[in-house]
Visitor: 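My questions all concern the structure below.
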Amino acid sequence: MSTTVEVARYVPADHEPIWQATWSSAKCFEAGDPTTDPRPKYYVLEMFPYPSGRIHMGHVRNYTMGDVIARFKMAQGFHVLHPMGWDAFGMPAENAAMEKKSHPGTWTYENIAVMRKQLQSMGLAIDWSREFATCDPDYYQHEQAMFLDFLDAGLIDRRDSKVNWDPVDQTVLANEQVIDGKGWRSGAAVEQRTLTQWFFKITRFADDLLAGLETLERWPEKVRLMQANWIGRSEGLQFRFHVCQETAPVSHIEVYTTRPDTLYGASFCAISPDHPLAVALARDNPDIEAFRKKCAQRGTSASEIEAADKEGLDTGLEVLHPLDPDWRLPVYIANFVLMEYGTGAIFACPAHDQRDLDFARKYDLPVTPVVCPSDRPEEGFTIDTEAYTGDGVMVNSQTLNGLTPDAARAAIIDMFEKNKWGERKVNFRLRDWGISRQRYWGCPIPVIHCGDCGVVPVPRQDLPVRLPDDVSFDRPGNPLERHPSWKHVSCPKCGQDATRETDTFDTFVDSSWYFARFTSPNDPRPTNPDHAKAWLPVDQYIGGIEHAILHLLYARFFTRAMAEVGHVEVKEPFAGLFTQGMVNHETYKSPDGKWLAPEEVVVAGDGAAHLRDDPSVTVRVGGVEKMSKSKRNVIDPTHIIARYGADTARWFMLSDSPPERDVQWTEAGVEGAWRFVQRIWRLVDKIARETRIADHNPQQDGLAGALYKATHTALYNVTHDLEGLSFNRAVARIYELANSLSDAKPQTPEEHAVARASCETLVTLIGPMMPHLAESCWKLLGHDEILAQTAWPQADESVLKSDHIVLPIQINGKKRHEINVPSDADKDSIEAMVIADPRVQALIGGGAIAKIIVVPGRIVNVVVKS
RNA sequence: GCCCUUGUGGCGGAAUUGGUAGACGCGACGGAUUCAAAAUCCGUUUCCUUCACCGGAGUGCCAGUUCGAGUCUGGCCAAGGGCACCA
């Protein structure tokens, strides 16, 4: 036993700021010119934060993961770009300005200063020289320039549109921003309004955005699926019904269907309350007008739609069935037909569509099945209250009878196209992206409205259109609208008095291209195309699943648009996407039902909890939920870093839970990470004092060989785990190596040399995850160079396999015994050894061996006939 | 309603993708050290039976494929998520 030496505890506050300063002054993390750097590039990016005031644990998790990747890739010899910025426009700044009677910009930049400091205390390997905020005019001027580019390229549209109006935030929302009929930010019930709006023509790329998903192999399947569903491509037939009544306002009605095969089951035709025909009919028919009004008032929330009955009104008009001149179908106005999708009119086949069936039953319209399930007799197949939507055989359909619905569909479409009655049509659920927001704290839309010239783009030399600073927030609404002078300008074309557009961009526009700006943050153009080409796409993007549709779809669109006008060359911005889970915490309630903060509660090992100030009061431990202010289960990262240091917080975030899953923040878990930090410090200190660097022979028996093997196994495994973003597994492998190393009691010089080398590897492996501790250990081991600039070691794979292995022996599929064999033994010799083994003989007793399955290196299974 | 994901010890989770289920961590229990504590170190920890060995059961439930299933197939059950008048 070596004599006990008092090792000073590792005090993070004594180490972490020093290393942060060292990395900063050595410019360790500043990316250079990618067009001249010979190393392969690697761009790692975490979704940039909204400067809300303070960082939260979700940020810690997100940025720790990205940081591990950045440091790991740097060590592996990549030229790494790992930047940080601020998604700085948005409503909270305006709300804060109203409350505090200050300016949104002041609030925002103050928050940025606080949060930058917090992030820097985490020891992130970020190139801070590229930092920007989207509210910097230097940034948003390029956004305005690109808007003009897109306008020239025909990628932008301005039109009247029914929009989602958020009455609390007093602004329009895009479809993607309405969740369950409520504003994504305010939670207020969204109203319908008609406004003139700017649109990005995202639908122009609908097919390409869908097809592109196939190429995103390093995206979660789930996100790709969600985007595919959101884009909602459907193939069908668009055709015209002739209206029988000559006095009708229109001669025919255009409909879209994905089920042309069910045409012989048609029962009625239905148009949207907003359909031009309905509008025309309403002029002389008060009943129709009343019905239209009623439909317009109906709510749009999910629950209201759920509760709303299928309702309709017979127009009295009839249309001719296209395949039978004697067959007439009534035309209804129906509340479930949307003007925004397809043609705003449908034909209904109630037998095979539940919604049509509900309607038909209510208004007593015919229900004729035309698809019969293959396993049921055609006679007597009727529809009751449930529509049949499955496959089968066509019936009641004249020439189509006997075909499958697929074949019938093809036949009908062919026939209609041949006769020019209609054509094949692809429809999308995706709508154009409405980007106008009636808010101050956003990027001004660079156009001017002139009474004579109409909409005039702001000339490029006049960019940026800056937000005025002298604005007031004492009233609701848009301060730009009521600013005394800002909007009054002369028309760039004719010089007359004109007004500026007072709407600003949706803040999702800002985040749709920031990753491209990071590649050349100071270029006078939106991007330096050479640098954008060299760095893009982002190799690894990391963020929350909540952006699966919104931000990630917009960014994919924007990249395509930028490519079209020449700012980038890629179509897909993010080659790899990783969606990390949330950080959760237990919730606590006092006996009188009030939420309690974790620091007010003491939880015992058995789960019982009581108040910290009054142990006689029992606390109710509730569910493990996302950290939120309302439930008071928030842990402030600053407190954790102050008490345990950044490395402990980082290590805990990476341990145990797989990164894509939610992680539960626990005091015990943090304590565990803290103990490991101290343990590593003691272990490295001991080895640094007892051993020294020396050559050693890897091929040997005993302790030295075993430790060498454990070291290189760990190195091999951790390397692969980090490559696959399996941080929790990498952590486990590092624990194993630390255990092997502290269990080892090296005696001989050879053993000392192996222990020393093993310790160096251990420190290197810890480097990306606990960078400060690793640097201090590295120094303790006698190194003067910075570990962050040291190359990742190469695993000696020759020792990963030993010359003898223990094979389990199963008898009839159950493990019964083991056998030690040379690892290169072939099937026959293993089989012979197994049969000859006395224990195996005893186990099979008198039974005869029917078969022996030998999987070399894995297992032996002896099948015995009983 | 439709689509997707996930179900493994007291807990978080491993399992080289069809080959020894429970690595690693947390918690718990026992012990050492200490006047005592903190810290640290050593041990035990899926369940049942047993002093112990030997056994038996076991990856949400029920079937199936296979020499062999946590892993593949089918059907249930449960939890979570997404979409939702999209013709």
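Side chains included, hydrogens not; waters and symmetry mates left out as well; all remaining heavy atoms used. Just so we're on the same page: letters track the sequence lines, and every chain starts at 1.
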Visitor: With a 4.5 Å limit on heavy-atom distance, are the side chains of A:V60 and A:V583 in contact?
Guide: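 Side-chain contact under 4.5 Å: no.
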
Visitor: Quick check on RNA chain B: between A:E221 and A:D356, whose nearest nucleotide comes earlier from the 5' end?
Guide: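 Looking at the nearest nucleotide for each, A:E221 comes out on the 5' side.
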
Visitor: Between A:K425 and A:E423, is there a salt bridge with N-O shorter than 4.0 Å?
Guide: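 Looking at A:E423 and A:K425, the cut-off is not met.
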
Visitor: When you get a sec, tell me which of B:C83, B:A87, B:C85 is the closest nucleotide to the side chain of A:K310?
Guide: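 That would be B:C85.
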
Visitor: Whole angstrom is fine here: how far is it from CD in A:E671 over to C1' in B:G12?
Guide: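 So the two atoms are 17 Å apart, to the nearest Å.
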
Visitor: Can you tell me how far the CZ atom of A:R816 sits from the CD1 atom of A:I809, to the nearest 0.5 Å?
Guide: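 Answer rounded to 0.5 Å: 12.0 Å.
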
Visitor: Would you kindly give the CD-to-P distance between A:E667 and B:G27, to the nearest whole Å?
Guide: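 Nearest whole value for this atom pair: 11 Å.
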
Visitor: Would you tabulate the pairs of protein nitrogen or oxygen atoms and nucleotide nitrogen or oxygen atoms of nucleotides 18-26 of chain B closer than 3.5 angstrom?
Guide:
| from | atom 1 | to | atom 2 | distance (Å) |
| --- | --- | --- | --- | --- |
| B:U20 | O2 | A:K815 | NZ | 3.2 |
| B:A23 | O2' | A:E736 | OE2 | 2.4 |
| B:A23 | N3 | A:R733 | NH2 | 3.3 |
| B:G25 | OP1 | A:N739 | ND2 | 3.4 |
| B:C26 | OP1 | A:R675 | NH2 | 3.1 |

Visitor: Between B:C4 and B:U20, how far is it from one C1' atom to the other, in whole Å?
Guide: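 One C1' to the other, the span is 34 Å.
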
Visitor: Does a side-chain N or O from A:R355 land closer than 4.0 Å to OP1 or OP2 of B:G1, or not?
Guide: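 No, no such contact exists.
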
Visitor: How long is the line joining CD1 of A:I734 and P of B:A14, in whole Å?
Guide: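 The answer, rounded to whole Å, is 16 Å.
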
Visitor: With rounding to whole Å, what would you report as the distance between B:U33 and B:A78 at their C1' atoms?
Guide: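 The same atom, C1', in both gives a distance of 49 Å.
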
Visitor: Nearest 0.5 Å, please: how far is CZ in A:R409 from OG1 in A:T258?
Guide: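 The distance works out to 7.0 Å.
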
Visitor: Taking the six-membered ring for Trp, are the ring centroids of A:F268 and A:Y363 within less than 6.0 Å of each other?
Guide: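 They do not qualify: ring centres at least 6.0 Å apart.
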
Visitor: Using salt bridge (charged side-chain N to carboxylate O under 4.0 Å, His left out), reason through A:K686 and A:E690 one step at a time and then give a plain yes or no.
Guide: CA-CA 6 Å; A:K686 180 168 180 280; A:E690 292 177 2; 3.6 Å; yes

Visitor: Counting just side-chain N and O atoms, does A:R682 come under 4.0 Å of either OP1 or OP2 of B:C41?
Guide: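 Yes, such a contact exists.
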
Visitor: What are the residues of residues 227-235 of chain A, sorted by number, that bring a heavy atom to within less than 4.0 Å of RNA chain B?
Guide: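 Close to the strand are A:W230, A:S234.
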
Visitor: Write down the distance separating the C1' atoms in B:C24 and B:A32, rounded off to the nearest Å.
Guide: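 Between the two C1' atoms, the distance is 25 Å.
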
Visitor: How long is the straight-line distance from CD1 of A:I835 back to CD1 of A:I830, given to the nearest 0.5 Å?
Guide: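 Interatomic distance, A:I830 CD1 to A:I835 CD1, rounded to 0.5 Å: 12.0 Å.
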
Visitor: Tell me, what's RNA chain B's dot-bracket, Watson-Crick or G-U with both distances under 3.5 Å, | for other-strand, [ ] crossing?
Guide: (((((((..(((......[....)))((((((.......))))))(((......)))..(((((..]....))))))))))))....

Visitor: Between C1' on B:C85 and CD1 on A:I346, what's the gap in Å once rounded to a whole number?
Guide: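 Taking atom C1' of B:C85 as the reference, CD1 of A:I346 is at 10 Å.
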
Visitor: Please write out the pairs of protein N or O atoms and N or O atoms of nucleotides 70-74 of chain B separated by less than 3.5 Å, giving the distance to one decimal.
Guide:
none

Visitor: To the nearest Å, give me how far apart CE (A:M226) and C1' (B:C83) are.
Guide: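 Distance, rounded to whole Å: 9 Å.
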
Visitor: What heavy-atom pair brings A:A360 and A:V367 nearest, and what distance separates the two atoms?
Guide: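 Scanning both residues completely, I find the closest heavy atoms to be CB-CG2, 4.1 Å.
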
Visitor: Starting from C1' on B:C86, measure out to CG on A:D353 and report it in whole angstrom.
Guide: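 In whole Å, B:C86 C1' and A:D353 CG are 11 Å from each other.
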
Visitor: Please tell me which of A:Y341 and A:E660 maps to the more 5' nucleotide of RNA chain B, matching each residue to the nucleotide holding its nearest heavy atom.
Guide: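 On the 5' side of the pair lies A:E660.
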
Visitor: Looking at A:K362 and A:D358, is any side-chain nitrogen of the basic one under 4.0 Å from a carboxylate oxygen of the acidic one?
Guide: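 So A:D358 does not pair with A:K362 through a salt bridge.
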
Visitor: Looking only at side-chain N and O atoms, does A:Y735 offer a donor or acceptor that is under 3.5 Å from a partner on A:S655?
Guide: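 No, because no side-chain N or O of A:S655 sits under 3.5 Å from a partner of the opposite role on A:Y735.
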
Visitor: Can a side-chain donor-acceptor contact be found between A:T203 and A:D432 if the only test is distance below 3.5 angstrom?
Guide: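 Indeed, the side chains of A:D432 and A:T203 share at least one donor-acceptor pair under 3.5 Å.
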
Visitor: Do the numbers put A:R240 on top of the ring of A:W421, so that NZ or CZ is under 6.0 Å from the six-membered ring centre and no more than 45° off the axis?
Guide: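 Judged by the rule, A:R240 and A:W421 form no cation-pi pair.
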
Visitor: Taking A:T262 for its side chain and A:G265 for its backbone only, find out whether a donor-acceptor pair lies under 3.5 Å.
Guide: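 Such a contact is absent between A:T262 side chain and A:G265 backbone.
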
Visitor: Between B:G10 and B:U45, how far apart are the two C1' atoms, rounded to whole Å?
Guide: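 Each nucleotide's C1' atom is 10 Å from the other's.
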
Visitor: Distance check: side-chain N/O of A:K222 vs OP1/OP2 of B:C4, anything under 4.0 Å?
Guide: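 No, because none of the side-chain N or O atoms of A:K222 sits under 4.0 Å from OP1 or OP2 of B:C4.
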
Visitor: For nucleotides 54-58 of chain B, print each protein N/O atom paired with a nucleotide N/O atom at under 3.5 Å, atom names and distance only.
Guide:
| from | atom 1 | to | atom 2 | distance (Å) |
| --- | --- | --- | --- | --- |
| B:G56 | OP1 | A:R816 | NH2 | 3.0 |
| B:A57 | OP2 | A:K814 | NZ | 3.2 |

Visitor: Taking the C1' atom in each of B:C67 and B:C62, what is the distance between them to the nearest angstrom?
Guide: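 It works out to 24 Å between them.
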
Visitor: May I ask you to check whether A:H720 and A:Y716 place their ring centres under 6.0 Å from each other?
Guide: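 Ring centres of A:H720 and A:Y716 closer than 6.0 Å.
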
Visitor: What's the base orientation of B:U33: syn (chi within 90° of 0) or anti?
Guide: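 Here B:U33 takes the anti form, which means its glycosidic angle is more than 90° from 0.
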
Visitor: Taking atom C1' in both B:G82 and B:G18, what distance in whole Å separates the two?
Guide: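 One C1' to the other, the span is 32 Å.
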
Visitor: Can you check whether A:D353 reaches A:F359 side chain to side chain, under 4.5 Å on heavy atoms?
Guide: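 No - every pair of side-chain heavy atoms lies 4.5 Å or more apart.
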
Visitor: How close or far is atom C1' of B:G81 from atom CZ of A:R661, stated in whole angstroms?
Guide: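 Computing the A:R661:CZ to B:G81:C1' distance gives 14 Å.
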
Visitor: Run through A:W651, A:W681, A:F652 and flag the one making a side chain to side chain contact (heavy atoms under 4.5 Å, CB included) with A:F676.
Guide: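 In the set A:W651, A:W681, A:F652, the residue that makes a side chain to side chain contact (heavy atoms under 4.5 Å, CB included) with A:F676 is A:W651.
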
Visitor: Distance check, P atoms only: B:G60 and B:G55, in whole angstrom units.
Guide: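 Taking atom P in both B:G60 and B:G55, they lie 26 Å apart.
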
Visitor: Quick one: which of B:G12, B:C4, B:C86 gets closest to the side chain of A:L338?
Guide: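 The answer is B:C86, which lies nearest to the side chain.
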
Visitor: Checking one value: the base orientation of B:G7, syn if chi is within 90 degrees of 0, otherwise anti.
Guide: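 For B:G7, whose glycosidic angle is more than 90° from 0, the conformation is anti.
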
Visitor: Using atom types as modelled and distance alone, determine if a side-chain donor or acceptor of A:R556 lies under 3.5 Å from a backbone N or O of A:L209.
Guide: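 Side chain of A:R556 to backbone of A:L209, a donor-acceptor pair under 3.5 Å: yes, one is there.
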
Visitor: I need the CG-P distance between A:L550 and B:G82, as an integer number of Å.
Guide: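 One finds 12 Å between P of B:G82 and CG of A:L550, rounded.
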
Visitor: Filter on salt bridge (Lys or Arg N to Asp or Glu O under 4.0 Å), then keep only pairs touching residues 658-668 of chain A, sequence neighbours left out; what's left?
Guide: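 Sorted result for residues 658-668 of chain A: A:R643-A:E667.
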
Visitor: If we take the C1' atom in both B:C72 and B:U40, what is their distance in whole Å?
Guide: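 Here B:C72 and B:U40 have their C1' atoms 49 Å from each other.
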
